[in-house]
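Remarks on the structure that follows.
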There are 2 protein chains.
Amino acid sequence: MSRTNVTIVDVAKEAGVSFATVSRVLNDGANVKPEKRARVLRAIKRLGYTTNLQARSLRGGRSHLIGLLVRDLGTAYIGEIMRGVDSELAENKYDVMLYTTHRHQAKENEYVTALTRGMTDGLLLVLPRHPEGYLKSLRQKKFPYVVIDHQGIDDRGPAVGATNRAGGYDATRYLLALGHRRIGFITGSMDLGCSRERLDGYRAALRDHGVAADAELVREGNFQQPGGYAAAIELMNLQDPPTAIFASNDVMAFGVMEAARERGKKIPDDISIIGFDDIPQAAQVHPPLTTIRQPLEEMGHRAAQMLLEIIEHPEQAAEKIELPTELVMRESTRVLR
Amino acid sequence: MSRTNVTIVDVAKEAGVSFATVSRVLNDGANVKPEKRARVLRAIKRLGYTTNLQARSLRGGRSHLIGLLVRDLGTAYIGEIMRGVDSELAENKYDVMLYTTHRHQAKENEYVTALTRGMTDGLLLVLPRHPEGYLKSLRQKKFPYVVIDHQGIDDRGPAVGATNRAGGYDATRYLLALGHRRIGFITGSMDLGCSRERLDGYRAALRDHGVAADAELVREGNFQQPGGYAAAIELMNLQDPPTAIFASNDVMAFGVMEAARERGKKIPDDISIIGFDDIPQAAQVHPPLTTIRQPLEEMGHRAAQMLLEIIEHPEQAAEKIELPTELVMRESTRVLR
DNA sequence: TTGAAAATTGAAAACGTTTTCAATTTTCAA
DNA sequence: TTGAAAATTGAAAACGTTTTCAATTTTCAA
């Protein structure tokens with residue numbers, strides 16, 4: 001590595017001021033004479049100075065690094081959220097340090113110590129799997145964090161989510177309005193709060209519309225395409241199969257579409273299908289998938305915003321945000337014949 | 001944040017040695033009496049000490065951070081590579097700092113300065129878009145980096161890729177072996193070396209088997225599903241349409257499948273389809289997609305390995321690795337009727 | 001047993017910042 | 001014009017490490 005690094009001292013020399021003044025210009029900038037400030041800024045530009053983050057952070061300033069904890073990479077769901085997080089942080093000149101859940105199977109204590117003693121100013125947790133242990137520790141240390149897509153994980157901490165129950169309700173109500181009465185439901189991973197809420201919404205809608213719930217019509221899925229496929233096959237094998245299927249996410253809905261096609265069923269003429277999430281691919285398949293839109297990117301945005309706010313003002317009370325879901329009508333659903 | 005941080009000094013006090021000795025134990029560990037080492041290690045454990053990375057890195061040691069530059073998140077392609085990178089780095093106790101290409105539209109000079117002056121020990125570039133400018137600068141600064149999926153971007157630097165040309169050749173040869181003669185080809189983004197190589201392979205295979213190339217059969221795509229769909233529609237609209245279509249990645253192949261279905265064509269009976277990449281979803285669609293497997297995760301692994309090697313031994317010559325692609329026969333292709 | 005060489009150890013400087021405190025300069029009411 | 005108050009500035013300490021250099025201790029051949 002090159003050792004020609006320009007430091008605050010070089011800038012000070014170039015500008016003919018003390019390096020403390022340079023630091024002041026770099027930071028709050030309070031109480032520096034305009035003329036000196038200008039000289040410093042010119043020197044910074046001329047020398048191509050950039051702040052050494054480790055030194056700043058060591059001295060107690062911000063590291064301008066946010067830890068982003070995700071369970072998996074390469075899914076559209078996570079991708080959308082990350083996109084939102086990333087752009088919000090970039091705007092505020094923060095960088096992202098990536099952690100994947102499966103990495104640190106180590107004792108969680110050590111893990112959190114590493115996270116908080118590491119160089120990050122705060123932590124963003126996307127749909128964490130077993131955060132009970134370390135969330136408590138984070139709270140105790142007053143380490144800034146925000147949980148994304150949280151339901152039921154953390155009563156007290158700040159969190160951003162979506163109205164999963166309302167989404168489940170809306171999707172079901174829509175199918176009911178189209179005349180469907182036998183509506184299959186494929187759940188997500190039932191250890192996640194959002195899965196339970198979506199199921200709740202489905203049941204509530206049936207109840208409110210006087211349709212008896214049939215346990216046979218509810219199958220457990222896992223948010224993966226093969227899971228959706230398998231559940232759909234089971235549903236279609238029923239003696240009295242559903243005329244519509246509501247999958248708890250889009251990816252499983254794609255599996256349902258595969259299954260339907262394989263059975264020679266036309267979508268939406270023979271069977272209506274509805275998903276959840278509205279990942280980009282939902283609009284790209286044929287027929288385009290009717291789904292419940294979850295503003296994933298927006299969730300990432302808002303969570304990052306919230307975290308930066310907490311870092312600035314640690315004394316503020318924890319906030320919980322639920323962004324509204326929205327029914328997106330496309331062509332995989334139609335009036336029951 | 002808690003200010004109860006355990007430092008090397010606390011450990012030294014606890015163990016009854018100087019903090020220099022603690023540092024020695026922590027690092028190379030040369031020349032420390034076994035008995036003292038044991039005392040230090042015990043004290044570390046007892047106090048729950050973890051190294052302050054910014055201090056270490058400031059002093060000139062390693063930051064144990066690798067910058068990972070990707071153009072986009074949330075695609076299976078990137079996800080697989082990142083998985084490989086991540087697990088290799090985790091094994092070596094490195095962390096990942098994430099950069100997305102679209103973030104820093106700023107002048108590239110500034111950008112690279114930030115990257116190299118930032119806290120990373122090295123840089124991993126996944127399929128970078130316009131790296132010409134900064135790669136040169138990285139080389140000059142002797143900043144360790146490895147390019148992943150590189151073709152034609154950087155003659156001199158270390159890189160990991162796959163045998164794209166051979167993959168294109170193999171896929172085409174396979175379709176020829178099945179009796180197909182009218183073989184449609186949908187390219188990737190033509191600004192990428194891998195796209196050009198796959199096309200090359202396709203053409204070479206046709207030539208070697210005495211099949212005249214028909215320019216009509218080659219359509220430009222963009223690695224996205226709608227692009228694949230559109231190109232497939234064009235191909236099927238030809239007077240003498242292809243009996244098989246080779247898409248330059250799986251995602252576009254899914255678009256081709258959509259198009260085929262929409263035209264009422266059975267896969268593979270009426271049309272054979274083959275992809276490239278072998279992302280997990282390729283095995284999950286129906287029928288399962290025949291494709292050219294690119295060892296994406298392995299590529300990430302190897303690139304990370306290589307980078308760590310370069311960081312350790314900067315004097316070594318740049319290496320270029322091309323991992324072999326492989327034909328994965330599934331059910332979207334069959335003998336021409 | 002002795003003393004040179006090797007191994008071990010500790011003190012102190014340094015990495016590049018931010019921030020405290022005191023000193024200096026400027027402002028402005030009387 | 002004067003001098004108290006406010007604004008500006010610089011010196012120096014500190015953050016937690018690694019590493020150099022010198023001092024001390026240990027080893028082992030003679």
Side-chain angles (χ1 to χ4, degrees), chain A residues 1-40 43-44 47-65 93 113-114 116-121, chain B residues 1-41 43-44 47-65 113-114 116-121:
Chain A
M1 275 195 258
S2 75
R3 275 267 59 88
T4 55
N5 280 344
V6 180
T7 77
I8 211 177
V9 175
D10 302 319
V11 173
K13 211 170 293 172
E14 174 87 6
V17 300
S18 79
F19 64 87
T21 302
V22 177
S23 176
R24 268 185 283 264
V25 171
L26 248 29
N27 293 283
D28 49 348
N31 295 341
V32 179
K33 278 218 181 154
E35 185 254 335
K36 287 210 173 179
R37 175 192 309 285
R39 282 215 320 263
V40 168
I44 285 175
L47 299 179
Y49 167 83
T50 53
T51 309
N52 179 315
L53 294 181
Q54 36 255 359
R56 166 178 288 172
S57 139
L58 178 60
R59 185 51 188 78
R62 302 273 152 70
S63 68
H64 274 237
L65 264 178
K93 309 216 174 204
T113 313
T116 56
R117 292 249 6 219
M119 16 183 72
T120 59
D121 293 340
Chain B
M1 275 196 258
S2 74
R3 277 266 60 86
T4 55
N5 280 345
V6 180
T7 76
I8 211 178
V9 175
D10 302 319
V11 172
K13 210 169 293 172
E14 174 86 6
V17 300
S18 79
F19 63 88
T21 302
V22 177
S23 175
R24 268 185 283 263
V25 171
L26 250 29
N27 293 283
D28 49 346
N31 295 342
V32 179
K33 276 215 180 157
E35 184 255 336
K36 288 209 173 180
R37 175 192 310 283
R39 283 219 315 265
V40 168
L41 290 175
I44 285 176
L47 299 180
Y49 167 83
T50 54
T51 310
N52 179 314
L53 294 181
Q54 37 256 359
R56 168 179 288 173
S57 138
L58 178 60
R59 185 53 186 79
R62 300 272 152 71
S63 67
H64 274 237
L65 263 178
T113 314
T116 56
R117 293 250 4 221
M119 16 183 72
T120 57
D121 292 340

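By convention in this document, chain letters (A, B, ...) are assigned in the order of the sequence lines, proteins followed by strands, and residues within each chain are numbered from 1. Given the structure is predicted, the values throughout are model-derived calculations rather than measurements. What's counted below: heavy atoms across the whole structure, side chains too, no hydrogens, waters or symmetry copies.
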To the nearest angstrom, how far is [X] atom [atom1] from [N] atom [atom2]?
| X | N | atom1 | atom2 | result |
| --- | --- | --- | --- | --- |
| A:Lys13 | C:dG16 | NZ | C1' | 14 Å |
| A:Ile8 | C:dT19 | CD1 | C1' | 11 Å |
| A:Asn27 | C:dT19 | CG | P | 6 Å |
| B:Asn52 | D:dT18 | CG | C1' | 13 Å |
| A:Leu53 | D:dC15 | CG | C1' | 15 Å |
| B:Leu58 | C:dT18 | CG | P | 12 Å |
| B:Arg56 | C:dG16 | CZ | P | 18 Å |

Side chain of [X] only, heavy atoms from C-beta on: which candidate in [options] is closest?
| X | options | result |
| --- | --- | --- |
| B:Ala20 | C:dG16, D:dT17, C:dA11 | C:dA11 |
| A:Phe19 | C:dG16, D:dT17, D:dA12 | D:dA12 |
| A:Ser23 | C:dT19, D:dG16, D:dT19 | C:dT19 |

Once rounded to the nearest 0.5 Å, what's the spacing between atom [atom1] of [X] and atom [atom2] of [Y]?
| X | Y | atom1 | atom2 | result |
| --- | --- | --- | --- | --- |
| A:Thr21 | A:Ile8 | OG1 | CD1 | 9.5 Å |
| B:Asn52 | A:Ser57 | CG | OG | 7.0 Å |
| A:Arg59 | B:Leu58 | CZ | CG | 13.0 Å |
| B:Thr51 | B:Ile44 | OG1 | CD1 | 7.5 Å |

Subject >> Minimum heavy-atom distance between B:Glu14 and B:Ala43, given as atom pair plus value >> reply: CG-CB, 3.5 Å

**OP:** Provide the closest heavy-atom pair for A:His64 versus A:Lys93 in the form atom of the first, atom of the second, distance.
**Re:** ND1-O, 3.0 Å

**OP:** Sequence neighbours left out, what passes side-chain hydrogen bond (donor to acceptor under 3.5 Å, both in side chains) with B:Arg56? Give chain and number order.
**Re:** none

Original post:
Going by heavy atoms in the side chains, are B:Leu41 and B:Arg37 under 4.5 Å from each other?
Top reply: yes

**OP:** Please tell me if the side chains of A:Leu26 and A:Tyr49 come closer than 4.5 Å, counting only heavy atoms from C-beta onward.
**Re:** yes

Can you give me the N/O atom pairs linking the protein to nucleotides 6-9 of chain C at distances under 3.5 Å, or say none if there are none?
| residue | atom | partner | partner atom | Å |
| --- | --- | --- | --- | --- |
| C:dT8 | OP2 | B:Asn31 | OD1 | 2.8 |
| C:dT9 | OP2 | B:Lys33 | N | 2.9 |

Original post:
Does B:Arg59 have a side-chain nitrogen or oxygen under 4.0 Å from the phosphate oxygens OP1 or OP2 of C:dA14?
Top reply: no

Subject >> Residue whose nearest DNA chain C nucleotide is more 5′ - B:Gly16 or A:Val22 >> reply: B:Gly16

**OP:** Starting from Watson-Crick (N1-N3 plus N6-O4 or O6-N4) and G-U wobble pairs under 3.5 Å, report the runs of at least three that DNA chain D belongs to.
**Re:** C:1-30 with D:1-30

